[in-house]
Amino acid sequence: MKYISTRSNQTALPSEAVLKGIASDGGLFVPEIFPSVPLSTLVHKSYQDLCFEIMSPYFDEFPEEELVSYIQQAYAKFLSPRVTPTVSFDSYHLLELFHGPTLAFKDVALSMLPHLMTGSASIQGVKDEIVVLTATSGDTGKAALEGFSDVKGTRVVVFYPKDGVSTIQKKQMTTQKGDNVHVVAIDGNFDDAQNGVKSIFSDKEFNETLKKKNHLLSSANSINIGRLVPQIVYYFASYSQAVQENQISLGDPINFVVPTGNFGNILAGYYAKQMGLPIKKLICASNENNVLYDFFATGKYNKNRPFILTSSPSMDILISSNFERLLYHVSQGDSQFINDAMKDLSTKGTYEVTPSMKKAIDEDFFGGYCTEEETGATIQKIYGQFGYVLDPHTAVAVKVYDDYVKETGDDTHSVILSTASPFKFTKSVYEAIFGSSSEDDIALISKLAKKTDLIIPADLLQMCESDDRHTSVCGKEDMKNCVNEILS
Ligand SMILES: *Cc1c(COP(=O)(O)O)cnc(C)c1O
């Protein structure tokens, strides 16, 4: 397998693509071809076996027994035997992606990435310690800490905005265990944290100094191909479960509804379709930051709009980075177009696709969005009807699915991706169902459990009882020094 940059004809082997994360021309790595997998051989496989079938052609440089061992280690931490089970009630089928250690779907990929990175380093003969730097608005940071914690040959440093993450997200990070993990609060907002990390990455001199001390900087963000590929697996797993449970027959078409921010999750669904999974529509669900909804309506991507803080913060995004990969595929690899579009996006905040690209996108995708008020109402409605508690991100997807069915009359079997446990966003969920409360997220954990008969996840209980281990705060101008201190 070779990966090619979206912005030139630069190529990379799997191990190079994983270590680099982003191509040196600023483009994202995409697979040169999509391996096809025969559907009939996939049904009745365990998640781990399915994962091996899907991932091995993308990482064909890795010895098979290595990959098998990565997969075993990565998914041993998941609390469901199916890893990502689909639960059904009425015509709703929810693919629960939150049974990993941090209660959100990013665990699926971030449990795997550290192994792919250390494996890649070994293939490339890199002996340096890999230092993963991440700025987080909440979910990614914790999932990266958990994924890299005590993985040999790695270190992870997470910066989060001091007042810009939820109480639970903050507590999850400050109580993180592991000898190779570092968590630092930034006196600033998420953009400050992200800009600080970016400027550290682009500081050649600093990188060379680190290199002399045998440290290699790397990133765990969602444009790394090592995060994208593991996400393809659960689309196949959910399809396979629907066949096993006689909800569909092998070969029948299926829709997936995906609560979307950076476009990584839904792009993995598009890759599954390219590999032969019979997906009819990928339904892209946005919150009030509905850049993608507007794109699907007009063919014009326009980020010039106010940034709205919502109850589904992991989807509060105006630049969906992984969308660049879709543009590459639907333009038949027109890297000139991508360069122009991305330049327009950074200078004017907007770009437009050609009619033929728009047509190709419309064949596979449908866009919808959900307001804040509708998000709460959907959590309340689904709890009232089925006694099932949705998190706000998943609620966005459920509402968009309802709208899709109303608008199109499409009754194809549809699976909604459920990306977080309701306990991760306790206050929004509690208030949507039981009305406003003066208590904070942490206090409401046990109340929500009691009133809804849900069991509090063990990791969360443990978190509530743990002391903070990471309390350092750093000025937004001071992040480089901070990294320096941590590493010396
Ligand atoms: C990251 C995240 C999303 C958005 O996924 P993308 O791959 O960025 O589109 C949705 N829900 C939750 C809970 C998340 O953490």
Side-chain angles (χ1 to χ4, degrees), residues 28 84 94-111 113 134-147 160 165-166 168-169 172-173 190 194 220-232 234-235 256-272 282-293 295-296 310-326 365 367-370 375 379 389-400 416-426 428-429 457:
L28 310 192
T84 60
L94 290 164
L95 169 53
E96 295 185 339
L97 302 173
F98 55 77
H99 295 286
T102 80
L103 312 179
F105 99 98
K106 291 187 175 65
D107 286 329
V108 179
L110 280 163
S111 301
L113 183 69
T134 299
T136 186
S137 58
D139 286 344
T140 301
K142 175 61 184 179
L145 289 165
E146 196 59 51
Y160 70 93
V165 299
S166 81
I168 291 180
Q169 288 173 324
Q172 277 189 316
M173 292 190 278
F190 173 64
Q194 185 151 49
N221 68 19
S222 82
I223 53 178
N224 194 307
I225 198 77
R227 273 189 65 179
L228 190 56
V229 173
Q231 295 180 358
I232 301 171
Y234 46 71
Y235 287 90
F256 285 100
V257 191
V258 190
T260 295
N262 216 9
F263 211 75
N265 199 359
I266 197 167
L267 186 77
Y270 177 81
Y271 280 20
L282 290 159
I283 298 159
C284 176
S286 303
N287 64 22
E288 288 182 1
N289 295 292
N290 56 359
V291 182
L292 288 168
Y293 167 79
F295 173 85
F296 291 119
T310 73
S311 57
S312 45
S314 302
M315 295 155 65
D316 291 343
I317 283 177
L318 294 180
I319 298 183
S320 300
S321 314
N322 273 294
F323 203 65
E324 178 171 344
R325 286 191 164 108
L326 180 66
F365 292 89
Y369 81 99
C370 175
T375 306
I379 294 173
V389 186
L390 297 169
D391 101 286
H393 303 76
T394 310
V396 165
V398 169
K399 173 65 170 66
V400 168
I416 299 165
L417 275 62
S418 176
T419 49
S421 155
F423 283 110
K424 210 159 177 177
F425 303 94
T426 323
S428 307
V429 172

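Start at 1 and go down the list; that is how both ligands and their atoms are numbered. Residue indices begin at 1 and follow the sequence shown.
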Inset, instruction - With sequence neighbours left out, write down each residue that passes ring-ring contact (aromatic ring centres under 6.0 Å, His included) with Tyr369, or none if nothing qualifies. - result: Tyr293
Return the closest protein heavy atom for [atom] as residue, atom name and distance.
| atom | result |
| --- | --- |
| atom 8 (O) of ligand 1 | Asn262 N, 2.7 Å |
| atom 15 (O) of ligand 1 | Lys106 NZ, 2.5 Å |
| atom 12 (C) of ligand 1 | Thr419 OG1, 3.5 Å |

Distance under 4.0 Å to a non-hydrogen atom of [X]: what atoms of ligand 1 satisfy this?
| X | answer |
| --- | --- |
| Ala420 | 13 (C) |
| Phe105 | 1 (C), 2 (C), 3 (C), 5 (O), 7 (O), 14 (C) |
| Thr260 | 9 (O) |
| Asp139 | 13 (C), 14 (C), 15 (O) |
| Gly264 | 6 (P), 7 (O), 9 (O) |
| Phe263 | 6 (P), 8 (O), 9 (O) |

Inset, instruction - Tell me, please: is Pro259 in heavy-atom contact with ligand 1, that is, under 4.0 Å? - result: yes
Inset, instruction - Using the side chain to side chain contact (heavy atoms under 4.5 Å, CB included) rule, take Val396 and Met315 through it: C-alpha gap first, then chi angles, then the decisive distance, then the call. - result: CA-CA 10 Å; Val396 165; Met315 295 155 65; 3.8 Å; yes
Legend entry - is_close_aromatic(Phe365, Phe295), centroid dist under 6.0 Å: no
Please check whether [X] reaches ligand 1 - meaning an N/O of the residue sits under 3.5 Å from an N/O of the ligand, judged on distance alone.
| X | value |
| --- | --- |
| Gly261 | yes |
| Asn265 | yes |
| Met315 | no |

Inset, instruction - Would you indicate whether the side-chain heavy atoms of Tyr235 and Asn265 approach each other to under 4.5 Å? - result: yes
Legend entry - Side chain to side chain, Thr394 and Phe98, heavy atoms closer than 4.5 Å: no
Inset, instruction - Assess the side chains of Asn262 and Asn322: does a donor N or O sit below 3.5 Å from an acceptor N or O? - result: no
Inset, instruction - Applying side chain to side chain donor-acceptor pair (under 3.5 Å), name anything that partners Ser312, two or more places apart in sequence or on another chain. - result: Asn287, Thr310
Inset, instruction - Could you pull out the closest heavy-atom pair between Ala220 and Arg227, with the gap in Å? - result: O-NH1, 2.8 Å
Inset, instruction - Output yes when a side-chain donor or acceptor of Arg325 lies under 3.5 Å from a complementary backbone atom of Gly264, and no otherwise. - result: no
